[in-house]
Amino acid sequence: QVQLVESGGGLVQAGDSLRLSCAASQRTFSTYAVGWFRQAPGKERDFVASINWLGDITYYADSVKGRFTISRDNAENTVYLQVNSLRSEDTAVYYCAARNGVASKKDLQYNYWGQGTQVTVST
């Protein structure tokens, strides 16, 4: 069982940046692929970014390419999502998820989920 805790969300203005963190207490977390997803009110959960266990393979949704960066520090059992140039349409609850396999863009392939962190972008 992998327990994930997201943090770093908040209320920001358009154009601002945040760094979201996804921390796990289990040392085996370093062997898991991790994805970030987001869900806005009344909308489906969408893929944002994912990273393989080693950190050398990443995927991004087209809507965030060039603005968001996913990375990981396996020594700290943490995955980060640097979010820059925030827009109002980035407002959502951001979730991290982990799976024992390759990085994926599909939420149903992830076994473990955090509770989410709210990002609200005001204009």
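Treat the numbers as computed from the prediction; the structure is a model and nothing was measured.
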**Student:** Donor-acceptor pair, Thr120 side chain versus Leu11 backbone, under 3.5 Å?
**Tutor:**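 Pair absent, no side-chain N/O of Thr120 close to backbone of Leu11.
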
**Student:** To the nearest 0.5 Å, what is the distance between CG (Asn77) and CZ (Arg27)?
**Tutor:**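 Answer rounded to 0.5 Å: 7.0 Å.
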
**Student:** Check whether Tyr60 forms a cation-pi arrangement with Arg67 (NZ or CZ under 6.0 Å from the six-membered ring centre, at most 45° off the ring normal).
**Tutor:** no

**Student:** Do Val121 and Val48 sit in the same hydrophobic cluster, where Ile, Leu, Val, Met, Phe, Trp and Tyr count as joined when their side-chain heavy atoms come under 4.5 Å apart?
**Tutor:**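 Yes, same cluster.
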
**Student:** Which residue in the set Leu54, Thr58, Ile51, Asn52 passes side chain to side chain contact (heavy atoms under 4.5 Å, CB included) when paired with Arg72?
**Tutor:**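 With Arg72 as partner, side chain to side chain contact (heavy atoms under 4.5 Å, CB included) holds for just one option, Ile51.
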
**Student:** Measuring from Ser25:OG to Gln3:CD, what's the distance to the nearest 0.5 Å?
**Tutor:** 5.5 Å

**Student:** With a 4.5 Å limit on heavy-atom distance, are the side chains of Arg38 and Arg45 in contact?
**Tutor:**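 No. Closest side-chain heavy atoms not under 4.5 Å.
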
**Student:** Can Trp36 and Leu20 be said to form a side-chain contact (heavy atoms from CB on, under 4.5 Å), step by step?
**Tutor:** CA-CA 10 Å; Trp36 282 96; Leu20 308 184; 3.7 Å; yes

**Student:** Please check this pair: side chain of Gln118 against backbone of Gly10, looking for a donor-acceptor N/O pair closer than 3.5 Å.
**Tutor:** no

**Student:** Check step by step if side-chain contact (heavy atoms from CB on, under 4.5 Å) holds for Leu86 and Leu18.
**Tutor:** CA-CA 8 Å; Leu86 282 163; Leu18 288 171; 4.2 Å; yes

**Student:** Below 30° counts as parallel, above 60° as perpendicular, anything between as tilted: where do the rings of Tyr95 and Trp113 land?
**Tutor:** perpendicular

**Student:** Does Val119 reach the side chain of Val83, with side-chain heavy atoms less than 4.5 Å apart?
**Tutor:**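 Result no, sub-4.5 Å side-chain heavy-atom pair not found.
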
**Student:** Indicate yes or no: does Arg87 engage Asp90 in a salt bridge with an N to O separation below 4.0 Å.
**Tutor:** no

**Student:** Check Ala33 against Gly101 and note the closest heavy-atom contact, atom names and distance.
**Tutor:**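 Result for this residue pair: CB-O, 3.2 Å.
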
**Student:** Would you sort out whether Val79 and Ile70 count as a side-chain contact (heavy atoms from CB on, under 4.5 Å), showing the intermediate values?
**Tutor:** CA-CA 7 Å; Val79 171; Ile70 189 171; 3.9 Å; yes

**Student:** Would you indicate whether Gln115, at its atom CD, is surrounded by more than 12 heavy atoms from other residues, nucleotides or ligands within a distance under 6.0 Å?
**Tutor:**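 Yes - once you tally the heavy atoms of other residues, nucleotides and ligands closer than 6.0 Å, there are more than 12.
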
**Student:** Is a donor from one side chain sitting under 3.5 angstrom from an acceptor on the other, for Thr91 and Glu89?
**Tutor:**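 On atom types as modelled, these side chains do not qualify, holding no pair under 3.5 Å.
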
**Student:** I need the Cys96 SG to Glu6 CD distance, nearest 0.5 Å.
**Tutor:**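 So the SG of Cys96 and the CD of Glu6 are separated by 4.0 Å.
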
**Student:** Have Tyr110 and Arg99 got a donor and an acceptor in their side chains that come within less than 3.5 Å?
**Tutor:**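 Looking only at side-chain atoms, Arg99 and Tyr110 do not form any donor-acceptor pair under 3.5 Å.
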
**Student:** Given side-chain contact (heavy atoms from CB on, under 4.5 Å), test Asn111 with Tyr32 step by step and report yes or no.
**Tutor:** CA-CA 10 Å; Asn111 307 106; Tyr32 284 69; 5.7 Å; no

**Student:** Are side-chain N/O atoms of Ser104 and Gln109 paired as donor and acceptor at under 3.5 Å?
**Tutor:**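 The criterion, which ignores hydrogens and geometry beyond distance, is satisfied for Gln109 and Ser104.
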
**Student:** With side chains defined as the heavy atoms from C-beta onward, is the minimum distance between Asp107 and Phe47 less than 4.5 Å?
**Tutor:**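 The answer is no; the side chains never approach within 4.5 Å.
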
**Student:** Determine the interplanar angle of the Tyr94 and Phe68 rings, folded into 0 to 90°, and report it as parallel if under 30°, tilted if 30 to 60°, perpendicular if over 60°.
**Tutor:** tilted

**Student:** With distance as the sole criterion, is a donor-acceptor pair present between the side chains of Gln82 and Asn84 under 3.5 Å?
**Tutor:** yes

**Student:** Do you reckon Leu81 sits in the same ILVMFWY cluster as Tyr112, going by side-chain contacts under 4.5 Å, direct or chained?
**Tutor:**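 Both belong to a single hydrophobic cluster.
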
**Student:** Would a 4.5 Å heavy-atom cut-off, applied to side chains only, mark Phe29 and Leu4 as touching?
**Tutor:** yes

**Student:** Is there a donor-acceptor pair under 3.5 Å between the side chain of Gln39 and the backbone N or O of Asp46?
**Tutor:** no

**Student:** Going by heavy atoms in the side chains, are Thr78 and Ser21 under 4.5 Å from each other?
**Tutor:** yes

